[in-house]
> 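Sending over a structure as structure tokens; questions will come in a sec.
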Amino acid sequence: MTAISVSSPRAIAWPAIIKEAALTAFVALLLTVPLVGLRTVDRPTGLGLETRWNEVVAAVGLVFLGRIGICLIREGQGVLVLVLAAAAAAAGFFIKMPTEALRIILIVGGAIIAIRAAMAVRTGRSKLSQAERDKRMDRIAAKVQDASRWLGPIGVVLALAFPLTPLADRQLLDIGILLLTYVMLGWGLNIVVGLAGLLDLGYVAFYAVGAYSYALLAHYFGLSFWLCLPLAGLLAAFSGVLLGFPVLRLRGDYFAIVTLGFGEIIRIILVNWYQFTGGPNGISGIPRPSFFGIADFTRTPAEGTMAFHEMFGLEFSALHRIIFLYYLILVLALVVNFFTLRVRKLPLGRAWEALREDDIACASLGINRTNMKLAAFAIAAMFGGFAGSFFATRQGFISPESFTFIESAIILAIVVLGGMGSQIGVVVATLLVIGLPEAFRELADYRMLAFGMGMVLIMLWRPRGLLAHRDPTILLYGRKGKGAGGPAAGTAAAGGEGIAGGRAK
Amino acid sequence: MDYFLQQLINGLSLGAIYGLIAIGYTMVYGIIGMINFAHGEIYMIGAFVALITFLALGSLGITWVPLALLVMLAASMLFTAVYGWTVERIAYRPLRSSPRLAPLISAIGMSIFLQNYVQILQGARSKPLQPILTGNLTMMDGAVSVSYVRLATIVITVALMYGFTQLITRTELGRAQRACEQDKTMAGLLGVNVDRIISLTFVMGAALAAVAGMMVLLIYGVIDFYIGFLAGVKAFTAAVLGGIGSLPGAMLGGVVIGLIEAFWSGYMGSEWKDVATFTILVLVLIFRPTGLLGRPEIEKV
Amino acid sequence: MTDLSMTPTVKNDTPLLTVEHLTMRFGGLVAVNDVSFTARNSEITAIIGPNGAGKTTLFNCITGFYSPTVGRMTLRHPDGKEFLLERMPGYRISQQASVARTFQNIRLFGGMSVLENLMVAQHNKLIKASGFSIAGLLGLPSYTNVERESVELAKYWLDRVRLLEFADWEAGNLPYGAQRRLEIARAMCTEPVMLCLDEPAAGLNPRESADLAEILTFIRDDHKTGVLLIEHDMSVVMTISDHVVVLDYGRKISDGDPHFVKNDPAVIRAYLGEEEGEELPPEIAADLPEVAKRAEEGA
Ligand SMILES: Nc1ncnc2c1ncn2[C@@H]1O[C@H](COP(=O)(O)OP(=O)(O)O)[C@@H](O)[C@H]1O
Ligand SMILES: [Mg+2]
């Protein structure tokens with residue numbers, strides 16, 4: 001690939017560019033005419049149609065201009081495109097547009113093209129090859145991984161200190177709990193997907209098993225949260241083994257679909273077996289957790305129990321329970337994290353990663369593939385179960401609504417976007433996937449739309465995930481030893497490609 | 001007996017719909033080895049385009065049913081095919097040589113995107129449509145009556161299948177398509193434009209799914225933005241059941257799933273019918289992962 | 001070293017591996033057809049034959065990746081323990097019968113480091129020591145000691161295949177020849193009684209091939225391991241193997257020491273093609289002289 005320098009003067013092939021852009025615009029026209037231009041609306045007389053040709057024209061026009069912009073970047077006009085695209089994005093941001101959709105297209109489209117132009121300007125090239133991009137991102141990921149050595153503990157301390165600061169109001173604490181729940185689920189699923197390389201599309205099933213275990217055990221037998229938490233984990237792990245045993249032999253994508261099927265089966269059972277599970281209405285009045293069974297978080301505790309605020313001589317505050325829940329999920333999540341960090345350095349974790357790399361080679365080394373995968377499945381399920389029963393006790397109410405496929409997809413997206421196998425990646429991805437939409441609540445309608453598009457874009461941009469970088473679990477020469485240059489920056493010789501090809505199959 | 005026949009026809013027409021969608025899964029899997037998770041959404045878009053076309057025709061004053069149906073069919077196949085093409089071009093083609101999970105994740109993202117795209121544009125409420133094709137064919141002195149819609153579904157599907165089989169087995173295009181399925185690199189070396197063939201595979205799959213979408217609209221008279229997910233999973237089940245990669249297998253799988261679902265709902269009630277389908281999927285994958293018509297595959301070492 | 005094998009020296013009497021009437025069919029194709037042979041301890045048994053002769057398929061049967069259509073494969077350890085390989089699931093053949101292998105197209109754990117590859121090879125020993133991870137999670141000395149020993153074994157083999165300084169490299173980033181050697185080291189880390197190598201010299205330059213030959217003789221002589229070697233490079237085969245089995249179209253066509261096999265007419269035919277048109281279809285053979293005469297006249 002020859003580098004086209006930005007400054008090299010060259011005639012721009014306008015006819016070709018216009019033709020290309022016109023073709024793209026034509027496709028956009030075909031895409032938008034039926035669904036964007038014609039809207040079905042409910043009328044008293046039945047369904048009717050409304051037309052929105054202005055949006056079609058705008059969308060097609062923007063696509064046309066955008067395509068010209070991309071062509072110009074290729075022709076070495078990066079700076080010009082950068083300015084124009086940035087201006088377009090800014091215009092979308094500040095100027096009132098006839099419709100919300102238009103505004104978003106303008107901002108997002110402008111931003112994407114501006115970023116591409118900026119990258120082209122910086123490297124003096126219109127496009128990085130996949131390998132180069134990968135190498136760059138890998139270097140960043142390696143730095144982040146290095147930094148996480150001290151960032152991690154700092155983060156934990158900050159997370160621990162947060163509820164004690166005056167900042168911590170009800171709303172922020174709730175968001176914190178939500179984020180931590182997803183971080184925990186992400187870390188749990190990371191064991192199966194990131195380490196063992198099994199694409200599980202039904203993780204939410206174990207979350208549901210955990211939640212319903214606690215809810216039902218509390219409802220029918222009056223068991224306390226602290227007894228149910230381990231039980232829920234065990235039940236989830238057990239169901240993991242039960243589901244995993246027959247399907248773990250399956251090839252990657254078959255496995256994915258079967259886990260999706262299992263997830264749906266569990267949800268349908270929850271919906272249909274209403275005598276037992278409450279059906280679509282779910283279960284309400286799930287008991288809140290006590291302070292380790294010693295004290296309650298109520299103002300006036302029942303006969304024979306103590307109140308938390310009295311025990312510690314505090315003023316009663318409804319926030320106490322929230323703070324307690326916050327710490328509870330923080331600890332649970334950290335348990336998962338520490339488990340993963342440690343197990344990676346043990347034969348079990350190494351076998352998982354080896355299975356992900358090449359499971360035929362594993363069999364040739366005498367590794368019992370089924371047992372190893374089953375262990376990954378069961379352990380991840382157990383953590384999912386813990387998270388589930390936490391969810392039940394926090395909400396006080398659960399229903400099958402909370403355990404749809406989309407939930408599995410979100411957790412999976414967190415793992416994959418973060419970079420499979422990367423613990424810090426899960427945290428970053430949770431902030432992106434859960435945190436950002438929480439921050440932009442007014443755009444709630446577009447939340448899932450952006451989520452889907454984001455998944456596609458990040459895969460295109462970096463198929464291995466944002467912070468995918470793997471540090472060896474054992475080093476012969478220490479971190480700055482003589483081999484240190486090798487792992488990350490080793491010469492990717494023919495063999496490197498061979499392996500990459502092998503992985504892609 | 002009449003009830004039985006009724007269910008049989010219901011099952012066959014439902015199976016025809018699943019089969020049409022399943023072909024898209026099977027062809028894409030055959031040629032690039034990925035599960036096109038967004039295919040269910042393509043089918044849903046097909047249904048919407050058909051609905052919109054019908055409404056547009058109505059507002060133009062064209063109400064002659066045969067013409068309306070033909071235009072609906074053509075429009076939904078055309079526009080949906082463009083969606084199929086675009087999805088491949090944007091979300092899958094750049095990932096041809098990436099780790100295996102990447103295109104699948106991208107497909108899931110695409111599926112979520114399309115679902116919400118339609119929801120935002122067309123509204124979340126389900127869209128009821130008054131029956132277009134009414135009337136029943138009564139047989140055996142009125143003991144059995146079969147609605148024309150269902151009959152039409154079966155007839156059109158059979159006709160489409162016939163044409164499609166001819167296309168794949170007889171034409172230059174079909175030969176190139178099969179060649180790419182066998183070995184993309186080699187086909188490329190021999191002068192087949194592999195990218196174009198893959199695009200065409202998506203286009204054909206999307207067009208057939210659009211037909212299925214239109215059928216569902218005609219038979220059930222109500223659609224919403226969410227119908228793609230379940231139908232997609234079931235059609236995929238059909239493709240796997242028939243043996244993924246095999247076109248007759250996809251159709252057979254679709255019919256089997258359709259029949260099971262119809263009889264299950266007919267005799268056991270409809271609550272558990274989805275569990276029945278998923279259970280079949282799981283059982284087939286465990287006990288006969290190659291499906292009914294698929295060739296056995298030995299782990300190549 | 002070359003001529004030692006001229007006389008069929010019997011190093012020990014009971015064979016390590018006995019393959020009897022092994023047949024493997026894929027649908028209509030008979031990839032391995034009624035093959036029987038033996039391989040001995042502390043010997044290199046080479047399996048040669050043209051491409052598609054069924055050599056890799058034979059390996060896949062022995063190492064449990066395929067279950068043969070017909071046949072028996074008995075492995076007898078030096079201590080007398082016997083294993084019927086065709087009855088064992090794949091991973092047990094390595095775990096219990098101690099058979100290790102490499103692959104024709106290298107199968108390393110490309111994203112893991114060189115050292116990690118060798119640690120994974122010692123999985124069974126380590127996972128037991130880690131108390132199925134419980135002791136390991138707690139960091140008990142019972143595990144850390146075994147882990148330290150494992151690292152030592154890995155270092156020993158890395159040194160042997162001259163990869164010690166690359167221990168922390170990502171395996172997929174090694175040059176091709178180094179990857180081949182690493183795969184052998186990984187197999188040896190399972191401490192096998194029999195090592196099966198599928199075309200280990202493929203793609204190596206002459207220097208690397210000579211290195212490889214040296215490693216293999218070391219494994220045979222110093223570790224008393226039986227080696228089963230599929231190889232195309234005749235210079236390697238003829239210099240180091242003690243015993244050669246020749247396959248063609250799935251059948252065994254020759255079996256003996258390298259010298260014998262080299263001069264076996266059946267082998268020469270298989271490699272150089274049929275000598276003359278001895279198997280011409282009768283209708284062609286019948287009028288062949290006539291046609292030849294006409295052709296001559298025409299010329
Ligand atoms: N899994 C399989 N399925 C079908 N045929 C196979 C399979 N494995 C090998 N074969 C066939 O068996 C024959 C022998 O192959 P192989 O053992 O790889 O030969 P070699 O290693 O001697 O070159 C070939 O014709 C090959 O196509
Ligand atoms: Mg071979």
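Every heavy atom of this structure was used, including side-chain atoms; hydrogens, water molecules and symmetry mates were not. Throughout, a chain's letter reflects where its sequence line sits, starting with A, and its residues are numbered from 1.
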> Check whether the ring centres of Phe37(B) and Phe405(A) lie less than 6.0 Å apart, and answer yes or no.
yes

> Which residues pass the salt bridge (charged side-chain N to carboxylate O under 4.0 Å, His left out) test with Asp183(B), not counting sequence neighbours?
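Salt bridge (charged side-chain N to carboxylate O under 4.0 Å, His left out) check on Asp183(B) returns nothing, list empty.
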
> Would you say that Leu201(A) contacts Ile108(B) through its side chain, given a criterion of any heavy-atom pair below 4.5 Å between the two side chains?
yes

> Tell me, yes or no, whether the heavy-atom count around Arg39(A) atom CZ, taken from other residues, nucleotides or ligands under 6.0 Å, exceeds 12.
yes

> Measure distances from Leu104(B) to the heavy atoms of chain A and classify the residue's part below 4.5 Å as side chain, backbone, both or neither.
side chain

> I'd like to know which of Asn272(A), Leu49(A), Val247(A) tops the heavy-atom pair count under 4.5 Å against chain B.
Asn272(A)

> Counting heavy-atom pairs under 4.5 Å to chain B, which of Val258(A), Leu260(A), Ile257(A), Val36(A) comes out on top?
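It is Ile257(A).
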
> Please report the shortest heavy-atom distance between Leu460(A) and Ala91(B), naming the atom on each side.
CD2-O, 3.9 Å

> Quick one: what part of Val275(B) sits under 4.5 Å from any heavy atom of chain A, side chain, backbone, both or neither?
both

> Can you measure from CE (Met459(A)) to CD1 (Ile105(B)) and round to the nearest 0.5 angstrom?
6.0 Å

> Just give me the residue among Leu457(A), Leu35(A), Leu412(A), Ile406(A) that pairs up with chain B most often, heavy atom to heavy atom, under 4.5 Å.
Leu35(A)

> Could you grab the distance from atom CE of Met110(B) to atom CE of Met453(A), nearest 0.5 Å is fine?
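It comes to 5.0 Å.
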
> Sort Leu114(B) into side chain, backbone, both or neither according to what part of it lies under 4.5 angstrom from a heavy atom of chain A.
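Looking at Leu114(B), nothing touches chain A.
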
> Measuring from atom OG of Ser98(B) to atom CZ of Arg462(A), what distance do you get when rounded to the nearest 0.5 angstrom?
11.5 Å

> Heavy-atom pairs under 4.5 Å with chain A are the metric here; pick the option from Phe287(B), Phe236(B), Phe48(B) that has the most.
Phe236(B)

> For the CH2 atom on Trp53(A), are there more than 12 heavy atoms of other groups (residues, nucleotides or ligands in this structure) within a distance under 6.0 Å?
yes

> Once rounded to the nearest 0.5 Å, what's the spacing between atom CG of Leu449(A) and atom CD1 of Ile120(B)?
4.5 Å

> Which atoms of Trp85(B) are under 4.5 Å from chain A, going by heavy atoms: the side chain, the backbone, both sets, or neither?
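Side chain only.
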
> Counting heavy-atom pairs under 4.5 Å with chain B, which one of Leu47(A), Leu38(A), Ile265(A) comes out on top?
Leu47(A)

> Checking the side chain of Gln122(B) only, and the main-chain atoms of Thr40(A) only, is there a donor and an acceptor separated by less than 3.5 Å?
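Judged by distance alone, yes, a pair lies under 3.5 Å.
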
> Which answer fits Phe255(A), side chain, backbone, both or neither, if we ask what part of it has an atom under 4.5 Å from a heavy atom of chain B?
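Looking at Phe255(A), nothing touches chain B.
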
> Taking every heavy-atom pair that is under 4.5 Å apart, which of Val193(A), Leu417(A), Asp42(A) has the most such pairs with chain B?
Asp42(A)

> Which atoms form the tightest heavy-atom contact between Val27(A) and Thr86(B), and what is the distance?
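In terms of heavy atoms, the two residues are closest at CG1-OG1, 3.8 Å.
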
> Below 4.5 Å, heavy-atom pairs only: which of Pro34(A), Gly261(A), Ala450(A) has the largest tally toward chain B?
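The option with the most such pairs is Pro34(A).
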
> Between Gly109(B) and Val456(A), what is the shortest heavy-atom contact and its length?
C-CG2, 3.8 Å

> What part of Ala56(B) gets within 4.5 angstrom of chain A, counting heavy atoms only: side chain, backbone, both, or neither?
both

> Select one option (side chain, backbone, both, neither) describing which atoms of Ile458(A) are under 4.5 Å from chain B's heavy atoms.
neither

> Select all residues of residues 73-83 of chain B having any heavy atom within less than 4.5 Å of some heavy atom of chain A, and report them by number, or 'none'.
Phe79(B), Val82(B), Tyr83(B)

> Determine whether Phe229(B) and Glu264(A) make a side-chain contact, defined as any pair of heavy atoms from C-beta on separated by less than 4.5 Å.
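The answer is yes, as the side chains (C-beta and beyond) meet within the 4.5 Å cut-off.
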
> Should the heavy atoms of other residues, nucleotides or ligands under 6.0 Å from OH of Tyr226(B) be counted, would the total exceed 12?
yes

> Could you tell me which portion of Ala361(A) (side chain, backbone, both or neither) has an atom closer than 4.5 angstrom to a non-hydrogen atom of chain B?
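Neither the backbone nor the side chain of Ala361(A) comes within 4.5 Å of chain B.
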
